[in-house]
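In what follows, a structure is listed as structure tokens, so that the remarks can point back to it.
Read the numbers this way: they start at 1 and go in the same order the structure lists the ligands and their atoms. FYI, the numbering just counts along the sequence from 1.
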Amino acid sequence: MLRGKSSGRPPPSVVFVKTHKTGSSTLQNILFRLGERRNLTVAFPRYPYQFAYPQRFAAAFVEPLPPGAARYNLLLSHLRLAASELRRVMPPDSLYLTILRDPVRTFQSVFAYYRSTVPAFRPLANHTQPLAAFLQAPARYYDLADVGNGLARNPMAFDLGLEAGGDEGGSRWDRELEQLNRTFHLVLIAEHFDESLLLARELLGLRLEELAYVRLNARQGAVDEALAPGLARQIRAWNWLDVRLYRYFQAVLWRRVERYGYMRMKGELDALRLLLRETRETCLAGEAVGPEETADELRPWQPDTAAILGYNLRPSLPPAQHASCYRLVLPELQYHAHLYYRQYGREMCSLPCD
Ligand SMILES: Nc1ncnc2c1ncn2[C@@H]1O[C@H](COP(=O)(O)OS(=O)(=O)O)[C@@H](OP(=O)(O)O)[C@H]1O
């Protein structure tokens with residue numbers, strides 16, 4: 001599967017602010033594989049998988065460096081952004097990345113995935129039309145003061161550390177968005193995932209084949225999910241800051257693509273899509289499947305309100321190919337645990353263990 005030339009330089013340190021339900025696990029998997037291949041040091045949360053989310057990130061949430069390591073190279077787990085604290089942990093020349101997705105799709109996904117865990121959604125867990133019921137009277141369910149409700153309104157803005165509250169107007173948000181634009185070297189857009197990846201590739205100095213991915217963490221039935229136009233409008237109105245954030249960074253992305261060159265981008269997109277097709281054909285037994293059909297160790301974590309798809313591998317792959325295909329489809333929690341063990345020689349703590 002090797003193609004293209006290595007840029008030769010070591011990849012810079014990367015902070016990936018892993019927003020919720022935006023395609024972030026797919027990008028995290030690409031970066032986990034990069035880290036493993038190049039033996040990079042990962043900044044892990046002290047307790048598993050997330051940096052004490054939904055609290056704002058703090059340097060104290062990070063596991064100490066492993067013996068012999070001088071600096072962290074990658075920080076990739078869910079967190080709520082506090083840029084100054086990240087700078088205390090990560091080298092000053094780190095690249096900051098994040099990803100945004102169409103706010104309507106993001107909210108639908110958040111609502112389905114966290115329906116029984118986010119306090120504002122919980123009363124609707126057994127409703128026959130829970131999303132419509134919520135959007136009809138969100139104020140009835142939503143308490144801004146409850147930090148557990150961070151994902152219940154403007155979830156992407158929340159993850160990026162913004163405090164939306166009820167204040168929709170004014171130039172304050174222009175300044176906040178400009179500040180975020182200064183913090184991030186690249187904001188990927190899920191609807192233009194491949195274009196975004198090619199921009200990330202240039203920034204990180206990656207080979208084309210290092211971009212191979214399969215779509216991870218997809219919900220069963222999500223592709224057929226039709227939304228009444230009124231519902232989409234209600235989602236946008238409720239998540240007004242996410243709409244503003246998304247539009248702003250969508251425009252930023254297109255300016256980047258223009259600078260990159262449309263013809264160059266088109267040629268590289270063709271090559272990337274060929275690589276993705278070949279990767280799927282080489283590695284996968286078939287399309288993504290529901291949890292009951294996925295092998296135990298490759299099954300993504302399942303909320304009780306949605307079924308999350310996983311992949312099975314083509315049987316009898318030669319060992320080297322099996323190893324790379326296995327990592328391509330390895331869900332977030334399993335990959336985290338694997339890399340943590342590799343780095344520290346012990347299991348992650350599921351609770352404070354010091
Ligand atoms: N490459 C790419 N492009 C566009 N969309 C993608 C991509 N990869 C994953 N997805 C969709 O993103 C949703 C999962 O997001 P996350 O992995 O960020 O979820 S999580 O917060 O880590 O649980 C989930 O959305 P839903 O299926 O609507 O729930 C995935 O289908």
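Counting protein heavy atoms only, atom 13 (C) of ligand 1 is closest to Arg101 NH1, 3.6 Å. Here the protein heavy atom with the shortest distance to atom 11 (C) of ligand 1 is Arg215 NH2, 3.8 Å. Atom 17 (O) of ligand 1 has as its closest protein heavy atom Ser25 OG, 2.6 Å. Ranking protein heavy atoms by distance to atom 24 (C) of ligand 1, first place goes to Asn217 O, 3.4 Å. Considering only non-hydrogen protein atoms, atom 21 (O) of ligand 1 sits nearest to Lys21 N, 2.9 Å.
For the pair Arg153 and Phe158, the NZ or CZ position fails the cation-pi test of under 6.0 Å to the six-membered ring centre and within 45 degrees of the ring normal.
Taking the six-membered ring wherever Trp is involved, the centroid distance between the rings of Trp173 and Tyr248 does not fall below 6.0 Å. For His78 and Tyr49, the ring centers are positioned 6.0 Å apart or more. A ring-centre distance under 6.0 Å is found for Tyr53 and His20.
Checked by distance only, ligand 1 and Ser109 come closer than 3.5 Å through their nitrogen or oxygen atoms. The shortest N or O to N or O distance between Thr26 and ligand 1 is below 3.5 Å.
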| said: Determine whether Phe193 and Tyr213 satisfy the following criterion, ring pair (Phe, Tyr, Trp, His ring centres under 6.0 Å), listing intermediate values before the conclusion. | reply: CA-CA 11 Å; Phe193 194 79; Tyr213 74 88; 4.9 Å; yes
| request: Kindly indicate, with the supporting measurements, whether the criterion ring pair (Phe, Tyr, Trp, His ring centres under 6.0 Å) is fulfilled by Phe121 and Phe134. | output: CA-CA 8 Å; Phe121 301 158; Phe134 178 79; 5.3 Å; yes
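Relative to atom 10 (N) of ligand 1, the option among Gly23, Ala112, Gly221 with the closest non-hydrogen atom is Gly23. In this comparison of Pro331, Ala190, Ala288, Pro155, the heavy atom closest to atom 3 (N) of ligand 1 sits on Ala190. Looking at Leu216, Asn29, Leu197, Val214, it is Leu216 that brings a heavy atom closest to atom 9 (C) of ligand 1. For atom 28 (O) of ligand 1, the candidate residues are Arg105, Arg219, Gln108; the nearest heavy-atom contact is made by Arg219.
Counted by atom type alone, Gln179 and Arg182 present one or more donor-acceptor pairs between their side chains at under 3.5 Å. A donor and an acceptor atom, one from each side chain of Arg346 and Tyr340, are located under 3.5 Å apart.
By the 4.0 Å heavy-atom criterion, Glu332 is counted among the residues contacting ligand 1. Residue Lys18 places a heavy atom less than 4.0 Å from ligand 1.
With Arg236 contributing its side chain and Val104 its backbone, the two residues share no donor-acceptor pair below 3.5 Å. A distance-only check finds a donor-acceptor pair linking the side chain of Gln343 to the backbone of Val42 [under 3.5 Å].
For ligand 1, the atoms closer than 4.0 angstrom to any heavy atom of Ala222 are 27 (O), 28 (O). Per-residue contacts place His78 under 4.0 angstrom from the following atoms of ligand 1 (heavy atoms of the residue considered): 20 (S), 21 (O), 22 (O). Taking a cut-off of under 4.0 Å to the non-hydrogen atoms of Thr19, the atoms of ligand 1 that pass are 18 (O). Of all the atoms in ligand 1, the ones that sit under 4.0 Å from a non-hydrogen atom of Ser24 are 16 (P), 17 (O), 18 (O), 22 (O).
Within a 6.0 Å sphere centred on CD of Gln136, other residues, nucleotides and ligands contribute 12 heavy atoms or fewer.
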